[in-house]
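Okay, structure first, notes after.
Fair warning: this is a prediction, and the values are worked out from it, not measured in the lab. Chain A is the first sequence line, chain B the second, and so forth, proteins listed ahead of strands; every chain is numbered from 1.
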Amino acid sequence: MSNTSLTTGPLSGLRVIVNATGVAALYAARLLGTMGAETILLEPPAGCPLRREGPFLDEAGQASALFAYLAAGAHSLICELDTDHGRAMLGGLLAQADIFIDDTVLAGRQASGLDEAAVAARHPQLIHVSALPFGAHGPKAHWTAEDIILQHASGEGNLLPNGLSIELFPHRSPVKIHGHFASLQGGLAAALGALAALWARPEQGGQYVDISSQDATLAVGAFAIQRLGDGSVEHRVERSFRYGGVIPCADGHVELLTLEQRQWDGLVKLLGEPDWALDPALADSLERSRQGPAINGHIRAWAGSRKVEDIVREGQKLSVPLAKYYSPAEVVRDPHERVRGLFQPVDVAGVGLLDMLVSPFHVDGAPLVLNGGPPVLGDYRRATVGA
Amino acid sequence: MAKPLSGIRIADFTVHNAGPFCTHLLSQLGAEVIKVESAMRPDAFRKPHPVYGRMGPATFDQVASTKLSVRINLKKPGGIALAKRLVAVSDVAAESFRPGVIGRLGLGYDALRAVKQDIIMLCVSSSGQSGPDSHFAGYAPLFGAWGGLGEMTGYADGPPVEMRHVMDHTVGMNAAVATLAALQRRRATGRGGLVDVSAREVASSLLGEALLLAAAGQQPHRSGNDHPRMAPHGVYPAAGEDRWIAIAVGSDAGWRSFATLIGAAELADNPRFATEPLRHANRAALDVIVSQWTATLPAEDAAERLQAAGIAAHASWTTPEIAADPHLRTRRAIVDVAEPDGKERAAVGVPMRLSKGAEIGIERGTPKLGEHEDYVYGDLLGLTRAERQALADDESIY
């Protein structure tokens, strides 16, 4: 019925049902599925809305790159939750499942039997994960959001851009992190919550896990709150390292960050030990911080006529923390990632085989394995669930 | 009932932010996390951080809260032996040194398995434990650069943007997920395991769709606040100095509601804006119209009105606004913690609410260096006072 037998990940043997219209819930399932759980995506006859969300891999706009990434390895089951038949099918599925991830808006849950109490009554051993933009509890639980909204509701949105970007454009509006950063944090938190609750299941039984993408994005931005407690209110204009950061080069940008004395010493060598850098006062890290803008002026003047690859190559020899700002294409063909198996070819219907990012971690010295690409709508046969 | 991870013990050798955030999350969920430091190599928060503008030690460290603290000098053979004794009574050993360092110390996976056969070892590093770049040193901004997230973030006509601590902490969240998965496998099979988290790959995992486009031969590029489909979609000026509101209109119905709300219902059928593709094509003109409306209102008021009309919107919040927010406090996403001097300050809680078990989240503030050695060395490892003194005398406990 499924390709579970091919799965060797640490969560092999678990079954996850996901009812998702948004990124957070589906990403949570993707994480669990990539680690070996069997995942089944419930879809209406028209398909999950994320199938119609760009960007697209084809000119016709039929193959969503976003859906392909999030749903890779999952099965698809058409299930109409607004019908008795669909609800009965769901009941059968949940009876055999370990984890149920749902992002139905709160106002729509009771009618579909998806509210916390109803699910707990019918499936006392199930881990029921709610993944909503603002969570299922609290005065804003009914608020709606897209990723840009969540980034600004959790603080990071107001704090970007920084460094070189805001130096160049000090009067522009804040800018968001690429893509679905906040919703992906929600997905991570949902996976974490699901596994924490699963760990407690032998003692506590099933339970309800309430995830908010706002909370999750705030959590990863915790240092702004920490600095607030220290008496410092961060602002994007000042939120940059005193020197280093994004450095423009002749053919691109590098990131430079020297936190330790030996790294600064290496940087001075990389720069050719110019007179300004040999000023004895700059041997003191506090003084370097005070003179940060002037130091950056020198570094940028030096880097502006040099190529990124040359700077990175020579800098690494001197243990100076330097990184090229890689484009997506450079990441995909990066020799380091090829060796590590970050990408795996999977079939995307209508497009063909494409290299897909699998997972940012290895287990037991080997990359994880995707069960496949995104599912064709309804690929999971109803007969297999007894509905 | 207990917290969900009650009974799990973690020997925590992690440093900087990414690894410590992982164990911080797990500690809030009930794991007993024993943070290993020494006076020779104290945690970064105990020292000044001048590049970041902090000229003295922090009085509170979010990611060290709730952990227990012991001193072990890993430069001494006695310290290594002590570390192994700690691992032998732990479920997880976590580290985030540069690849190879923990092995050279004598605390690599094979060495730890020899003292605890089913140990879960978590290794967090900038580029992973394998591959030609595995020796690279890195910090959050470098992870974002290598991983592609920095290049894809920023104004379309500007430079890439440096990722900050959110990058570290996203690495930590991934590491926590992977660690719990490995524990789940141990429960099912009895096997321990080695978890290798690559920070630059975590950055890449946040742009999986763009990487797929690149794999298909397209050239995705940074696009500011634009959305592939929606318009209006952006951050707009609100009334007041440096005040902003984020708005996203995701459907034709939403657009009609928006036009009505701003008192310009005729815009709904304007030939430049009547359909989503038209709005997207003419988004620059549309943004001017939206800005003219938002600039007249406080961001909070505008957001309330838009949400009441079913339109996604939120004020662009500053940190003090977040710390005071009733919604976040109701959810315990923001909590108050006590400083050593008794003063209270806001901190960030664990990002979930569970229906069962004891209350999760921060239990204690930042530990003092070596604060919990009586419990760990005495109660847990059974060392006598004399044995502890001998280890202190040879600077294994230092």
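Ranked by non-hydrogen atom pairs under 4.5 Å with chain A, the options B/Ala347, B/Ala313, B/Gly224 are led by B/Ala313. Note on B/Ser205, B/Gly158, B/Ala215, B/Gly144: by heavy-atom pairs under 4.5 Å with chain A, the leading option is B/Ser205. With chain A as the partner, the residue from B/Asn17, B/Thr170, B/Leu183 showing the most heavy-atom pairs under 4.5 Å is B/Thr170. Taking A/Ser212, A/Gly221, A/Ala197, A/Gly352 one by one and counting their heavy-atom pairs under 4.5 Å with chain B, the maximum is reached by A/Ser212. Taking B/Ala176, B/Ser355, B/Ala214, B/Ala246 one by one and counting their heavy-atom pairs under 4.5 Å with chain A, the maximum is reached by B/Ser355. With respect to chain B, the highest number of heavy-atom pairs below 4.5 Å among A/Leu256, A/Leu31, A/Asn162, A/Leu150 belongs to A/Asn162. In terms of non-hydrogen atom pairs under 4.5 Å with chain B, the most contact-rich of A/Val332, A/Val363, A/Ile148 is A/Ile148. In terms of non-hydrogen atom pairs under 4.5 Å with chain B, the most contact-rich of A/Leu188, A/Val233, A/Val209 is A/Leu188. Chain A forms more heavy-atom pairs under 4.5 Å with one residue of B/Gly148, B/Gly128, B/Gly138, B/Pro141 than with any other, namely B/Pro141. Taking chain A as the reference chain and counting heavy-atom pairs below 4.5 Å, the highest number among B/Gly349, B/Ser198, B/Ala137 is found for B/Ser198.
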Take B/His314 and A/Trp143, measure what ring-ring contact (aromatic ring centres under 6.0 Å, His included) needs, and give me the verdict at the end. CA-CA 9 Å; B/His314 203 283; A/Trp143 276 34; 5.6 Å; yes
I'd like to know whether B/Val235 forms a side chain to side chain contact (heavy atoms under 4.5 Å, CB included) with A/Lys176, so could you lay out the CA-CA distance, the side-chain angles of the two residues, the decisive distance to 0.1 Å, and finally the verdict. CA-CA 9 Å; B/Val235 183; A/Lys176 71 185 284 288; over 6 Å; no
Step by step, work out the salt bridge (charged side-chain N to carboxylate O under 4.0 Å, His left out) result for A/Glu156 and A/Arg239. CA-CA 11 Å; A/Glu156 192 65 14; A/Arg239 193 201 195 207; 3.1 Å; yes
For side chain to side chain donor-acceptor pair (under 3.5 Å), just list the numbers for B/Glu209 and A/His178, CA-CA rounded to whole Å, side-chain angles, deciding distance to a tenth of an Å, and then say yes or no. CA-CA 11 Å; B/Glu209 88 296 339; A/His178 164 82; 2.7 Å; yes
Could you walk me through whether B/Glu321 and B/Thr318 pass the side chain to side chain donor-acceptor pair (under 3.5 Å) test, one step at a time? CA-CA 5 Å; B/Glu321 289 171 306; B/Thr318 61; 3.0 Å; yes
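With a 4.5 angstrom heavy-atom cutoff, B/His135 does not touch chain A via any of its atoms. For A/Ile211, the parts lying under 4.5 angstrom from a heavy atom of chain B are both the backbone and the side chain. A/Gln185 touches chain B through backbone and side chain together, each having a heavy atom under 4.5 Å away. Using a 4.5 Å cut-off between heavy atoms, A/Gln204 touches chain B through backbone and side chain atoms alike. Residue A/Ser232 does not touch chain B at all, counting heavy-atom pairs closer than 4.5 Å. Looking at A/His128, there are no atoms closer than 4.5 Å to chain B (heavy atoms on both sides), in backbone or side chain. In this structure, chain B has a heavy atom under 4.5 Å from the side chain of A/Leu160, while its backbone stays farther away. Proximity to chain B involves both the backbone and the side chain of A/Phe134, based on heavy atoms less than 4.5 angstrom apart. When heavy atoms are compared at a cutoff of 4.5 Å, B/Pro160 approaches chain A by way of both its backbone and its side chain. Of the atoms belonging to B/Gln218, it is side-chain heavy atoms, and not backbone ones, that fall under 4.5 Å from chain A. Of the two parts of B/Ser127, the backbone and the side chain both hold a non-hydrogen atom closer than 4.5 Å to a non-hydrogen atom of chain A. Proximity to chain A is limited to the side chain of B/Leu328, based on heavy atoms less than 4.5 angstrom apart. For a residue to count as touching a neighbouring chain, one of its non-hydrogen atoms must lie under 4.5 Å from one of that chain's; by this rule B/Ile245 does not touch chain A. In this structure, the portion of B/Ile311 lying under 4.5 Å from any heavy atom of chain A is its backbone and not its side chain. Only the side chain of A/His253 comes within contact range of chain B, with heavy atoms under 4.5 Å apart. Heavy atoms of A/Gln263 lying under 4.5 Å from chain B belong exclusively to its side chain. In this structure, chain A has a heavy atom under 4.5 Å from the side chain of B/Pro228, while its backbone stays farther away. Both the backbone and the side chain of B/Trp146 come within contact range of chain A, with heavy atoms under 4.5 Å apart. Contacts of B/Arg191 with chain A are made by side-chain atoms alone, with heavy-atom separations under 4.5 Å and no backbone atom involved. A/Arg172 touches chain B through backbone and side chain together, each having a heavy atom under 4.5 Å away. Only the side chain of A/Leu184 comes within less than 4.5 Å of a heavy atom of chain B; its backbone N, CA, C and O stay farther away. Using a 4.5 Å cut-off between heavy atoms, A/Lys140 contacts chain B through both its backbone and its side chain. Proximity to chain B is limited to the side chain of A/Leu168, based on heavy atoms less than 4.5 angstrom apart. If you measure heavy-atom distances from B/Met230 to chain A, the contacts under 4.5 Å come from the side chain alone. Only the side chain of A/Asp334 comes within contact range of chain B, with at least one heavy atom under 4.5 Å from a heavy atom of that chain. For B/Leu29, the part sitting under 4.5 Å from any heavy atom of chain A is the side chain, from C-beta outward, and nothing else.
The shortest non-hydrogen separation linking A/Ile166 to A/Pro161 is CD1-O, 3.8 Å. Here the closest non-hydrogen pair linking B/Arg331 and A/Gly135 is NH1-CA, 3.6 Å. Residues B/Leu211 and B/Ser204 come closest through the heavy atom pair CD1-O, 3.5 Å. Nearest approach of A/His336 to B/Pro132, heavy atoms of both residues: ND1-N, 3.4 Å. Among all heavy-atom pairs drawn from B/Ala312 and A/Ile149, the shortest one is O-CD1, 3.5 Å.
Side-chain N/O atoms of B/Arg222 and B/Thr153 include no donor and acceptor closer than 3.5 Å. Residues B/Gln62 and B/His24 have side chains that bring a donor and an acceptor to within less than 3.5 angstrom of each other. A/Asn158 and B/Ser316 share a side-chain donor-acceptor pair at under 3.5 Å. Side-chain atoms of B/Glu151 and A/Tyr326 include no donor-acceptor pair closer than 3.5 Å. No side-chain donor-acceptor contact under 3.5 Å links A/Gln226 and A/Asp230. The closest side-chain donor-acceptor pair between A/Ser327 and A/Glu330 falls under 3.5 angstrom.
A parallel orientation is assigned to the rings of B/His169 and B/Phe21, their planes being inclined by less than 30° (bins at 30° and 60°).
Within a 6.0 Å sphere centred on NE2 of B/His221, heavy atoms belonging to other residues, nucleotides or ligands number 12 at most.
A/Ser64 places a side-chain N or O within donor-acceptor distance of the main-chain N or O of A/Glu53, the cut-off being under 3.5 Å.
Taking the centre and axis of the six-membered ring of B/Phe60, the NZ or CZ atom of B/Arg345 falls outside the cone set by 45° and 6.0 Å.
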